[in-house]
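A short write-up of the structure that comes next.
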There are 2 protein chains.
Amino acid sequence: MAAGATRRTYHHGALRDALLAGARELLAERGAEGFSLNELARRVGVSSAAPYRHFADREALLSALRDEGYDAFGAAQRAAAAQATDPADRIIRLVAAYLSFAEENNAIFGMMFRYWSWAEVRPDTFAPLVDAVTEAQEAGFLPAGQSATTLARTIWCTVHGLTTLRLTGGLTKLGLDAPTDQLIRDTFAAILRDPTG
Amino acid sequence: MAAGATRRTYHHGALRDALLAGARELLAERGAEGFSLNELARRVGVSSAAPYRHFADREALLSALRDEGYDAFGAAQRAAAAQATDPADRIIRLVAAYLSFAEENNAIFGMMFRYWSWAEVRPDTFAPLVDAVTEAQEAGFLPAGQSATTLARTIWCTVHGLTTLRLTGGLTKLGLDAPTDQLIRDTFAAILRDPTG
DNA sequence: ACCTGAACACCGTTCAAGT
DNA sequence: ACCTGAACACCGTTCAAGT
């Protein structure tokens with residue numbers, strides 16, 4: 001699909017978009033550390049200097065992908081929240097959406113949340129989770145003794161740890177893996193309570 | 001300290017150890033992705049081909065550092081557990097030790113737990129945590145409804161998420177950071193219960 | 001305005017040759 | 001046995017020159 005997909009003449013016209021599209025592909029194949037700007041240029045069919053017309057450097061291109069990533073992540077979180085039937089279900093769905101976003105966008109997720117950066121993160125990225133926690137507290141699924149942001153932070157830490165430890169193979173390596181649904185249920189059983197109990 | 005610290009003659013005698021020591025330094029300065037074998041060779045005062053007498057490749061050298069890292073981590077966990085006064089305190093101390101190990105060994109921690117690998121992880125790395133959870137269940141600090149390994153997995157996910165989100169600056173970026181002690185207390189308040197309550 | 005070609009200093013890695 | 005020197009294919013990045 002990438003082989004020889006080059007305009008014979010001179011250049012593209014829409015090189016910037018072609019670079020971004022190629023970068024998404026290449027990133028998925030090679031991961032963040034294996035990602036090479038020269039390889040990208042070769043695939044897109046331009047000289048290795050051409051990308052510098054559109055991006056200041058390698059980091060700037062990756063930064064643009066992170067930016068898209070935060071958008072997509074926010075949309076996925078909101079979509080998950082919208083499908084919920086009750087406050088506890090909403091939290092579980094947000095958690096499940098977190099995990100599956102990371103699964104489907106491994107390299108980009110890594111760049112967004114795992115190492116450096118945070119430069120492009122949206123301040124409202126976790127608004128859906130904080131809202132869900134507030135509701136869950138009111139409905140008695142979560143204790144009222146802590147602020148919603150504190151509890152949301154705890155849940156964020158838990159789901160983030162679960163996600164990274166699972167995707168990097170750590171859970172499997174230590175014999176702690178389980179099917180996704182069960183993993184989520186068992187993990188948040190320690191935090192979410194039954195309001196009728 | 002690294003400048004010109006070179007035997008004038010030929011070579012070292014103990015190049016392998018010199019490489020490992022230099023690598024620990026360089027890794028702390030440059031991080032895992034910035035770590036260069038050529039730069040290491042220059043610092044240690046040998047040709048860029050010399051390290052290949054002692055390590056198959058760049059990865060093999062980093063792998064040796066990960067190996068040391070798991071040892072040091074295990075020792076730190078056991079030391080923390082030994083100081084505890086009760087089962088809940090023991091869990092909090094293990095969590096605090098996890099965080100401070102990551103803080104003091106940022107790059108190595110990243111290579112051990114954050115990205116790839118897991119190849120060198122000790123199967124008993126989390127034995128201290130599982131033991132502490134078992135005790136905490138018996139003492140009523142943790143619910144008895146789940147197995148100790150399941151609960152330990154949850155706690156591991158939470159502390160791991162807390163650690164990575166904090167060290168990468170994510171908590172600060174989203175206005176969720178707090179002093180270490182309070183952060184740990186607030187986070188695990190949602191999981192640990194008062195057995196007298 | 002947008003891209004190429006050639007160049008720079010750097011990588012990781014290999015291998016014949018030196019001591 | 002252990003290391004050097006020189007080389008290879010690759011990086012990211014710069015810049016004069018082309019259209």
Side-chain angles (χ1 to χ4, degrees), chain A residues 2-27 29-66 107 111 115-117 119, chain B residues 2-27 29-66 107 111 115-117 119:
Chain A
T6 312
R7 309 296 184 285
R8 280 299 90 211
T9 57
Y10 197 38
H11 60 275
H12 267 252
L15 181 54
R16 197 192 138 92
D17 288 343
L19 287 169
L20 286 172
R24 278 186 287 264
E25 248 185 57
L26 190 55
L27 199 60
E29 286 177 41
R30 301 256 188 277
E33 18 267 358
F35 177 85
S36 149
L37 217 49
N38 284 7
E39 186 176 5
L40 175 61
R42 251 178 273 127
R43 285 198 182 194
V44 171
V46 292
S47 80
S48 65
Y52 290 88
R53 258 323 108 184
H54 300 277
F55 299 96
D57 53 23
R58 193 191 114 114
E59 252 307 289
L61 202 164
L62 293 178
S63 171
L65 293 183
R66 268 190 301 246
M111 293 197 306
Y115 333 171
W116 356 277
S117 110
Chain B
T6 312
R7 309 296 184 283
R8 280 301 88 213
T9 57
Y10 197 38
H11 60 276
H12 266 254
L15 181 53
R16 197 193 138 91
D17 288 343
L19 287 170
L20 286 171
R24 277 186 287 266
E25 248 184 58
L26 190 55
L27 199 59
E29 286 177 42
R30 300 256 189 278
E33 19 268 357
F35 177 85
S36 148
L37 216 49
N38 284 7
E39 185 176 8
L40 175 60
R42 251 178 274 127
R43 285 199 182 194
V44 171
V46 291
S47 78
S48 65
Y52 290 88
R53 258 324 107 182
H54 300 277
F55 299 96
D57 52 23
R58 193 191 115 114
E59 252 307 289
L61 202 163
L62 293 179
S63 171
L65 292 183
R66 268 191 301 248
M111 293 196 306
Y115 335 173
W116 357 277
S117 111

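By convention in this document, chain letters (A, B, ...) are assigned in the order of the sequence lines, proteins followed by strands, and residues within each chain are numbered from 1.
As a whole-Å value, the separation of Leu40(B) CG from dC10(C) C1' is 16 Å. We find that CZ of Arg42(A) is positioned 7 Å from P of dC10(D), with the value rounded to whole Å. The distance between atom CD of Glu33(A) and atom C1' of dC11(C), rounded to the nearest whole Å, is 16 Å.
Residues passing the side chain to side chain contact (heavy atoms under 4.5 Å, CB included) test with Ala49(B), sequence neighbours excluded: Ser47(B). Not a single side chain to side chain donor-acceptor pair (under 3.5 Å) links Ser36(A) to another residue, sequence neighbours left out. Listed by chain and residue number, Val46(A), Pro51(A) satisfy the side chain to side chain contact (heavy atoms under 4.5 Å, CB included) test with Ala41(A) (two or more places apart in sequence, or in another chain). For Arg16(B), the side chain to side chain donor-acceptor pair (under 3.5 Å) test picks out no residue, with sequence neighbours left out. Taking Arg30(B) as the reference, Glu39(B) meet the salt bridge (charged side-chain N to carboxylate O under 4.0 Å, His left out) condition, with sequence neighbours excluded. A search for side chain to side chain donor-acceptor pair (under 3.5 Å) contacts involving Arg24(B) returns Glu68(B), not counting sequence neighbours.
Between Leu20(B) and Ala64(B), the shortest heavy-atom contact is CD2-CB, 4.0 Å.
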Base-pair map of DNA chain C as dot-bracket, where | denotes pairing with a different strand and pairs are Watson-Crick or G-U under 3.5 Å = ||.|||||...|||||.||

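Each of Leu37(B), Leu62(B), Leu19(B) was evaluated against Phe55(B); a single residue qualifies, Leu19(B), per the side-chain contact (heavy atoms from CB on, under 4.5 Å) test.
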Could you list the protein-to-nucleotides 12-15 of chain C atom pairs, N/O on both sides, closer than 3.5 Å?
{"from": "dG12(C)", "atom 1": "OP1", "to": "Leu37(B)", "atom 2": "N", "distance (Å)": "2.9"}
{"from": "dG12(C)", "atom 1": "OP2", "to": "Ser36(B)", "atom 2": "OG", "distance (Å)": "3.3"}
{"from": "dG12(C)", "atom 1": "OP2", "to": "Leu37(B)", "atom 2": "N", "distance (Å)": "3.0"}
{"from": "dG12(C)", "atom 1": "OP2", "to": "Asn38(B)", "atom 2": "N", "distance (Å)": "2.9"}
{"from": "dG12(C)", "atom 1": "OP2", "to": "Asn38(B)", "atom 2": "OD1", "distance (Å)": "3.4"}
{"from": "dG12(C)", "atom 1": "N7", "to": "Asn38(B)", "atom 2": "ND2", "distance (Å)": "3.4"}
{"from": "dT13(C)", "atom 1": "OP2", "to": "Tyr52(B)", "atom 2": "OH", "distance (Å)": "2.9"}
{"from": "dT13(C)", "atom 1": "OP2", "to": "Arg58(B)", "atom 2": "N", "distance (Å)": "2.9"}
{"from": "dT13(C)", "atom 1": "O5'", "to": "Tyr52(B)", "atom 2": "OH", "distance (Å)": "3.2"}
{"from": "dT13(C)", "atom 1": "O4", "to": "Ser48(B)", "atom 2": "OG", "distance (Å)": "3.4"}

